[in-house]
Amino acid sequence: MYILKNGKILDENGKLITRDILISEDKIAKIAENIHEESAKVIDVGGKFISPGLIDVHVHLREPGGEHKETIETGTKAAAKGGYTTVCSMPNTKPVPDTPEKMDALVERINETARVRVLPYASITKELGTDELVDFSGLKRAGAFAFTDDGVGVQLAGTMYMAMQAAAKLDMAVVAHCEDNSLVYDGVVHDGKFAQKEGLKGIPNIAESVQIARDVLLAEAAGCHYHVCHISTKESVRVVRDAKRAGIHVTAEVSPHHLLLNEEDIPGNIGNWKMNPPLRSRADQDALLEGLRDGTIDFIATDHAPHAENEKNVSMEKAAFGIVGLETAFPLLYTHFVKNGDWTLNELIDYMAVKPSEVFKLPYGSLRVADVADITVIDLDKEEEINPETFLSKGKNTPFAGVSCFGWPVLTISRGEIVYSWGINNEKNVNA
């Protein structure tokens, strides 16, 4: 039992108020102006912001099969440092969690080594990218969070339609990496100004948007919850907006890097700037920001994609797709959108905790008495440069190295246990 004392929380009107929080075992037992409990350890957070634990429904932990890039342990340590208490792991591993037996083994490994809650996805198809569907009901029983072939788009409409029908019967979501392979043209960046300047093959917007247009109609016919991963184009935003207006159960996420950057920011043919989907045009970036603010896009997810140094410190033609994001997402977004007045702090917490929970019907993402004690304490005034050498993730592949940010998590509590602490009660760099 312990008390978080002298913290600031958001009230129902989005205003910061000072409150203490009593945590007993794995639950929030009390929230009040002044809590005194003889048997409780007091952790004075010194006026820092207390948030519900952040939720990221799109991370790559690489284990099993890609442990040189990341493990469940290192990835969840990075999540804790970034303020995340729940992450959802993608199934593009070796082996793919495409049978109940493989999912059982993955869940066992998560229970052994994860430092925060991990909800694992199962694949839609056997081995990812085939046309043979998995055992949906068996995988749900084994612990699957939802179904996705993230990393590859489901190419055949018939395969996707059957998958949606199977998922709908189980009240489960189909989560889609939308990419029509016939329209990718071996591209490595967005098909735009930067590609032309550098003489690189480009990935056009339609490679993403045409699959979303197909899938929303399939979801309507199947009665399925369809969720769009890392939306990146203005056409995709338009399709999702129209589908929502038509009453189709479609939701969407956007990644921090697509909100913060566009192709004009890429400094050269550098592997750490290669990601999928790629950084698009300024017009696409503006559409994503507008779509997030008007509710077309539901929330933010990092698409944390760690790679080994030799896989990224090469040209874009040779580099792997993806960047890391768990440890930098909140400071980057807070600095560039809240401190400058574009968003409120309440809106940012909605995008990073409340709305992911609501969309996927999770019992997390809030600070209320009797809730599970998933809590993040953030020093909104702390300024620090992003330094990949300090990352707890194995992956150092970020385009944001050297960027100065405010708003760094300093204490993360997952299910009532402290899993990360920096400078609270004189503790330095505690990562349980």
Side-chain angles (χ1 to χ4, degrees), residues 1-5 7-11 19-31 35 40-41 43 45 48-59 61 72-73 75-89 107 110-111 113-120 143 145 299-302 304 325-327 329-331 333-334 345-346 348-380 392 407-422 424 430-432:
M1 183 181 291
Y2 50 97
I3 300 167
L4 298 181
K5 189 162 268 307
K8 292 182 179 179
I9 67 171
L10 290 164
D11 69 10
R19 290 291 184 271
D20 294 350
I21 298 178
L22 175 65
I23 297 168
S24 179
E25 296 183 350
D26 64 344
K27 296 287 195 297
I28 296 173
K30 188 176 183 180
I31 302 174
I35 299 174
K41 176 184 177 181
I43 300 175
V45 302
K48 296 177 179 63
F49 171 53
I50 301 178
S51 166
L54 306 181
I55 297 171
D56 191 346
V57 305
H58 194 140
V59 305
L61 299 181
I72 292 166
E73 182 177 9
T76 55
K77 281 184 175 182
K81 185 180 177 184
Y84 289 94
T85 55
T86 300
V87 297
C88 303
S89 59
V107 170
I110 288 167
N111 291 338
T113 64
R115 305 308 171 95
V116 301
R117 183 183 298 103
V118 177
L119 306 177
F145 165 66
F299 57 78
I300 297 169
T302 66
H304 174 80
L326 283 168
E327 296 172 69
F330 188 91
L333 294 166
Y334 176 78
L345 180 59
N346 193 56
L348 181 57
I349 298 305
D350 276 353
Y351 297 147
M352 300 187 75
V354 177
K355 290 181 179 177
S357 177
E358 291 176 351
V359 164
F360 286 99
K361 303 175 186 176
L362 299 174
Y364 318 118
S366 60
L367 281 180
R368 293 182 298 240
V369 172
D371 280 357
V372 173
D374 287 352
I375 295 170
T376 301
V377 180
I378 300 169
D379 187 343
L380 299 177
L392 297 183
W408 291 89
V410 293
L411 181 70
T412 305
I413 297 168
S414 175
R415 292 165 286 195
E417 294 186 8
I418 295 173
V419 292
Y420 176 77
S421 176
W422 182 272
I424 296 292
V430 174
N431 198 269

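We count residues from 1, following the sequence as given.
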Participant: Looking only at heavy atoms, which two atoms of I31 and R19 are closest? And how far apart?
Facilitator: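 Taking I31 first and R19 second, the nearest heavy atoms are CG2-CB, 4.1 Å.
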
Participant: Using modelled atom types and a 3.5 Å cut-off, is there a donor and acceptor pairing between side-chain atoms of S24 and backbone atoms of M1?
Facilitator: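 It does not hold such a pair.
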
Participant: Quick one: closest heavy-atom pair of M352 and F330, and the distance?
Facilitator: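 Looking at all heavy atoms of both residues, the shortest contact is SD-CD1, 3.8 Å.
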
Participant: Are the side chains of I375 and I28 in contact, using a 4.5 Å heavy-atom criterion?
Facilitator: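 SC-SC contact between I28 and I375 confirmed.
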
Participant: Is the closest side-chain heavy-atom distance between R117 and V372 below 4.5 Å?
Facilitator: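 Counting from C-beta outward, R117 and V372 do come under 4.5 Å.
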
Participant: Taking all non-hydrogen atoms of both residues, which atom of P52 and which atom of G365 are closest, and how far apart?
Facilitator: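 Scanning both residues, the minimum pair turns out to be CB-C, 3.6 Å.
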
Participant: So how far is it from I72 CD1 to I110 CD1, rounded to the nearest 0.5 Å?
Facilitator: 5.0 Å

Participant: The test is side-chain contact (heavy atoms from CB on, under 4.5 Å); show your working for V87 and L326 and say whether it passes.
Facilitator: CA-CA 10 Å; V87 297; L326 283 168; 4.3 Å; yes

Participant: Can you tell me how far apart CG (D20) and CG (L4) are? Round to the nearest 0.5 Å.
Facilitator: 8.5 Å

Participant: Restricting to non-hydrogen atoms, name the atom on L362 and the atom on P356 that form the minimum distance, rounded to 0.1 Å.
Facilitator: CD1-O, 4.4 Å

Participant: May I ask you to check whether over 12 heavy atoms, not counting those of K5, lie within 6.0 Å of atom NZ?
Facilitator: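 Yes, NZ of K5 has more than 12 neighbouring heavy atoms, counting only those of other groups under 6.0 Å.
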
Participant: Under the 3.5 angstrom rule, does the side chain of T376 hit a backbone N or O of G83 as a donor-acceptor pair?
Facilitator: yes

Participant: Please find the pair of heavy atoms, one from G7 and one from I50, that lie closest to each other, and give the distance.
Facilitator: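 Nearest heavy atoms, G7 then I50: CA-CD1, 3.7 Å.
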
Participant: Only one of T86, D374, T85 forms a side chain to side chain contact (heavy atoms under 4.5 Å, CB included) with R415, so which one is it?
Facilitator: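 That would be D374.
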
Participant: Backbone N or O of V419 within a donor-acceptor pair of the T412 side chain at under 3.5 Å?
Facilitator: no

Participant: For the atom pair CH2 (W408) and NZ (K81), what is the distance rounded to the nearest 0.5 Å?
Facilitator: 7.0 Å

Participant: For residues V369 and A29, report the shortest heavy-atom separation together with the two atoms involved.
Facilitator: CG1-O, 3.5 Å

Participant: With a 3.5 Å distance limit and no angle check, can you tell me whether H58 reaches the backbone of T302 through a side-chain donor-acceptor pair?
Facilitator: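 No.
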
Participant: Between CD1 of I55 and SG of C88, what distance do you get to the nearest 0.5 Å?
Facilitator: 8.0 Å

Participant: Is any side-chain heavy atom of L348 closer than 4.5 Å to a side-chain heavy atom of Y334?
Facilitator: yes

Participant: Dump the intermediate steps for side-chain contact (heavy atoms from CB on, under 4.5 Å) on F360 and F299, then the final yes or no.
Facilitator: CA-CA 11 Å; F360 286 99; F299 57 78; 3.8 Å; yes

Participant: Measure the CG-CG distance between L119 and D56 for me, rounded to the nearest 0.5 Å.
Facilitator: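 Reported value, rounded in 0.5 Å steps: 11.0 Å.
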
Participant: Would R115 and T76 count as having a side-chain donor-acceptor pair, cut-off 3.5 Å?
Facilitator: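 No, no side-chain donor-acceptor contact under 3.5 Å.
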
Participant: Kindly compute the distance separating CG (L22) from OH (Y2), expressed to the nearest 0.5 Å.
Facilitator: 10.5 Å

